[in-house]
2 protein chains.
Amino acid sequence: MARTPRNTLSADLIVRTALELMEAKGTDAFSLRGVAGELGVGPMALYTYFRNKDDLYDAVRDHLMALLPAVPSDAPWPDQVRTVCRSLRLLMLQHPCLAQLLAGRPLSGHETARVAEGLLGVLRAAGFDAETAARTHTTLFTYVLGSTSWEIQMAAERRDPEAWRRLRTSMESLSARDFPSVVELAPELARTTGGDEQFDYGLNLLLAGLQVRTPS
Amino acid sequence: MARTPRNTLSADLIVRTALELMEAKGTDAFSLRGVAGELGVGPMALYTYFRNKDDLYDAVRDHLMALLPAVPSDAPWPDQVRTVCRSLRLLMLQHPCLAQLLAGRPLSGHETARVAEGLLGVLRAAGFDAETAARTHTTLFTYVLGSTSWEIQMAAERRDPEAWRRLRTSMESLSARDFPSVVELAPELARTTGGDEQFDYGLNLLLAGLQVRTPS
DNA sequence: ACACCGTACTATACACTGTACGTTAGGAGC
DNA sequence: GCTCCTAACGTACAGTGTATAGTACGGTGT
């Protein structure tokens, strides 16, 4: 029987091809059978390296997290925070599947911890007490996650002409009497959704609020 | 042939039983065949009322959005904003499936527009220009979405003893040398994740940053 | 009263999914 | 050369969403 030679697989190889498939065909179209086929291997071969699909998801997430650069050490802390948040957003934009990988699963894995360490270290060094540092970390993280996921979602919607058309007509069917602000600001909302400016706007709000309570 | 009498179904009835199933068995375990079975009807019967599964998702989302209370009109605008954000979070906590329904699909539907209208109206009335109002709306919305989704996700994780145990041991396996801040703040992070206080902390940061640039 | 037609629902089928189970063959160590 | 371990196999199952075609019922026009 034409059996593939042994030890051609490895956890890392599986993770890399899984990532390729997710980015090529979209996170939803990803399947274990797909990556197994790509590797010229039966679906069950993957279970030697991963306990189940979620386990593979976690591995891919950690693989992507490893790409995040380290925090620059020679800058005022607000700039450091900005850099961390921006690079996480950038990574999510470059790998849209990361949004779903981060949203649907808890955080675990060394690379994920490394990212948390960077941000927490900056906040502690800035002089925030334990509780404030923890709360700020969670706030910043969820802001980046939420706003970037939304941005990716909207961008995907815009690329699908059918969905985009339906969204437009749904918007235009709104009565200007019942929804004056939405109708008035619809162009503005469409124009400002996504993009560096929108992201930085919210990030700056958070940082401005944070600097008010800066420990001396 | 024992055929169910006609017109026993309706879009609204389907939406309500779909919602029931989502909340009873979890959003992931939800299936068209499940709700069809619950209604004593073949799976394809649903396609008379909804074009596909996503269409049904949208309808459920709008159904839930209708439960949001109106914005109180007699309060300073920061309090109004706080109220809107808090009630959206509360609704998401009461109906955990809403998080996934909001994250994965674009916004459309009258009830969803109503919510946007409330927040945008408050911001316009407070004197913000069009661009700032639009940007602020997006920022607040994505913050609420991101932080509450995260909260729900973590709460679900905590209820699954197996996943929770693995998360703990994964945390404890981190070297205090490589991840000093994470290790030090782990209890603080676990303690402060979720809850009204954490949500309000981030919301207050945003509002504080916003009030700095309040138009006199 | 009766034929008709649109529509609400059914039946069947297809191409998938993740994964449990039992089997087999390749390489390492004796 | 033999044994053992395990990586990869094949098969099977219980699901999924939905395309397609068929069927019976309710309301309408004559």
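A note on names: the letters A, B, ... follow the listed sequences, proteins ahead of strands, and every chain is numbered from 1. What's counted below: heavy atoms across the whole structure, side chains too, no hydrogens, waters or symmetry copies.
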Between [N] ([atom2]) and [X] ([atom1]): distance, integer Å:
X        : N       : atom1 : atom2 : value
Leu46(A) : dA8(D)  : CG    : P     : 10 Å
Leu39(A) : dA7(D)  : CG    : P     : 16 Å
Asn52(A) : dA20(C) : CG    : C1'   : 13 Å
Phe30(B) : dG15(D) : CZ    : C1'   : 15 Å
Tyr47(B) : dA21(D) : OH    : C1'   : 16 Å
Leu32(B) : dA19(D) : CG    : P     : 11 Å
Asp28(A) : dG17(D) : CG    : P     : 14 Å
Arg51(B) : dT18(D) : CZ    : P     : 11 Å

Practice item. For salt bridge (charged side-chain N to carboxylate O under 4.0 Å, His left out), just list the numbers for Arg86(B) and Asp196(B), CA-CA rounded to whole Å, side-chain angles, deciding distance to a tenth of an Å, and then say yes or no. Key: CA-CA 9 Å; Arg86(B) 280 190 187 138; Asp196(B) 293 354; over 6 Å; no
Review point. With under 30° as parallel and over 60° as perpendicular, where do the rings of Trp150(B) and Phe141(A) fit, or are they tilted in between?
Key: perpendicular
Exercise for review: Indicate the ring-plane relationship of Tyr143(B) and Phe199(B), choosing parallel, tilted or perpendicular according to the 30° and 60° boundaries.
Suggested key: parallel
Check your understanding: Is the shortest side-chain N/O distance from Tyr49(A) to OP1 or OP2 of dA8(D) below 4.0 Å?
Key -> yes
Proximal nucleotide (of [options]) relative to the [X] side chain:
X        : options                  : value
Met44(A) : dA8(D), dC9(C), dT19(C)  : dT19(C)
Val41(A) : dG18(C), dC9(C), dC9(D)  : dC9(D)
Ala45(A) : dG17(D), dA8(D), dT19(C) : dA8(D)
Thr48(B) : dA8(D), dC9(C), dT17(C)  : dC9(C)

Practice item. Evaluate side chain to side chain donor-acceptor pair (under 3.5 Å) for Gln80(B) paired with Ser73(B), printing each intermediate quantity in order. Key: CA-CA 8 Å; Gln80(B) 291 182 303; Ser73(B) 55; over 6 Å; no
**Study point:** Side-chain-base donor-acceptor pair under 3.5 Å for Arg33(A) and dG18(C)
**Key:** yes
Point to revise | Interatomic distance, Leu67(A) atom CG to Met65(A) atom CE [nearest 0.5 angstrom] | key: 10.5 Å
